[in-house]
Amino acid sequence: MNTIFSKVISLVISLWIAKVFLFSLPYKFTNHPDTQHIFTTIGQWMCASIQLDLDLFFSSYGVYIVGTVELVTSILLLIASLFLALNLLKVSQNERISKKLYFVGGLLSAAVMSGAVFFHLFTPLGIKVIHEGESDNGSLFFAAVSIIVLGLILAFINKSVMKSN
């Protein structure tokens, strides 16, 4: 799939995913109370369910691990978009770089959000995160689901470059 339509779709999807990830980083890297609640809830569930001493580790460091993966994914997607823009402006003739980065970034974004969806569905966190009496009405869960779907679409649209040399 090498049409202008697929390029525009790749660009829009990658910018959406990067926006969602980058806008969540201040919450993750500043120990925001909502983020602490989420990762502490998951850590406590891990300790109770898996019987491993992961609660303190996940509560303390899980947010930084997830945030770092989201930052790296965003950088990959933004670099891919830059290469695509250069290609569309005829500054560069190498479309393979953007397609490879879109493919990897799409899979990476789907993978990290698959973890989020798992924790929403199978831990006390739930689809609607409730903290201090306030509900997010499922916005975090549905954003994660949308990124899984869009990440897989992005990877699928750009998969052809992975088959050829």
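Remember, it's a predicted structure, so these values are computed and weren't measured experimentally.
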Hey, does the side chain of Ser60 reach the backbone of Phe57 with a donor-acceptor pair shorter than 3.5 angstrom? no
For the residue pair Ala144 and Val117, what are the closest heavy atoms and their distance? CB-CG2, 3.8 Å
Which value, rounded to the nearest 0.5 Å, describes the distance between Leu101 atom CG and Leu108 atom CG? 11.5 Å
Provide the closest heavy-atom pair for Leu25 versus Glu70 in the form atom of the first, atom of the second, distance. CD2-OE1, 4.3 Å
Check for me, please, whether Val149 and Ile13 land in the same ILVMFWY cluster - side-chain distances under 4.5 Å, paths through other members count. yes
Is the shortest side-chain heavy-atom distance between Trp16 and Val12 below 4.5 Å? no
With side chain to side chain contact (heavy atoms under 4.5 Å, CB included) as the test, pick out the partner of Ile127 among Asn137, Asp136, Leu121. Leu121
Main-chain N/O of Phe83 paired to Ser98 side chain as donor or acceptor, under 3.5 Å: no
Establish whether Leu140 and Leu22 are linked, either directly or via other cluster members, by ILVMFWY side-chain heavy-atom contacts under 4.5 Å. yes
Looking only at heavy atoms, the pair that brings Pro124 and Trp45 closest together is CD-CD1, 3.4 Å
Should we count CZ of Phe118 as having more than 12 external heavy atoms under 6.0 Å? yes
Hey, does Ile4 have a side-chain heavy atom less than 4.5 Å from the side chain of Leu88? yes
Do you reckon Leu84 sits in the same ILVMFWY cluster as Phe5, going by side-chain contacts under 4.5 Å, direct or chained? yes
Which atom names give the shortest non-hydrogen contact between Ala143 and Ser146, and what distance separates them? O-OG, 2.8 Å
Min side-chain heavy-atom separation Lys100-Phe103 under 4.5 Å: no
If I compare all heavy atoms of Ser81 with all of Leu15, which pair ends up nearest, and what's the gap? OG-CD2, 4.2 Å
Is it the case that over 12 heavy atoms from other parts of the model lie below 6.0 angstrom from the NZ atom of Lys128? no
Spacing of His120 atom NE2 and Met113 atom CE [to the nearest 0.5 Å]: 8.5 Å
Consider side chain to side chain contact (heavy atoms under 4.5 Å, CB included). Of Leu71, Val72, Leu78, Thr73, which one does Ile75 pass it with? Leu71
Gap between atom OG of Ser6 and atom CG of Asn158 - 0.5 Å precision: 7.0 Å
CG (Leu82) and CD1 (Ile97) are apart, to the nearest 0.5 Å, by 10.0 Å
Transitively linked via ILVMFWY side-chain contacts under 4.5 Å: Tyr61 with Tyr27? no
To the nearest 0.5 Å, what is the distance between CG on Asn31 and OH on Tyr64? 3.5 Å
CD of Glu134 to CG of Asp34, rounded to nearest 0.5 Å, is 9.5 Å
Do Phe122 and Phe142 belong together in a cluster built from hydrophobic side chains that touch within less than 4.5 Å? yes
Less than 6.0 angstrom from the centroid, inside 45 degrees of the normal: does Lys99 satisfy that with respect to the ring of Tyr102? no
Considering the options Val112, Val69, Val66, Leu77, which one meets the side chain to side chain contact (heavy atoms under 4.5 Å, CB included) requirement together with Phe21? Val112
So, Ser109 side chain and Gly106 main chain: donor-acceptor pair closer than 3.5 Å or not? yes
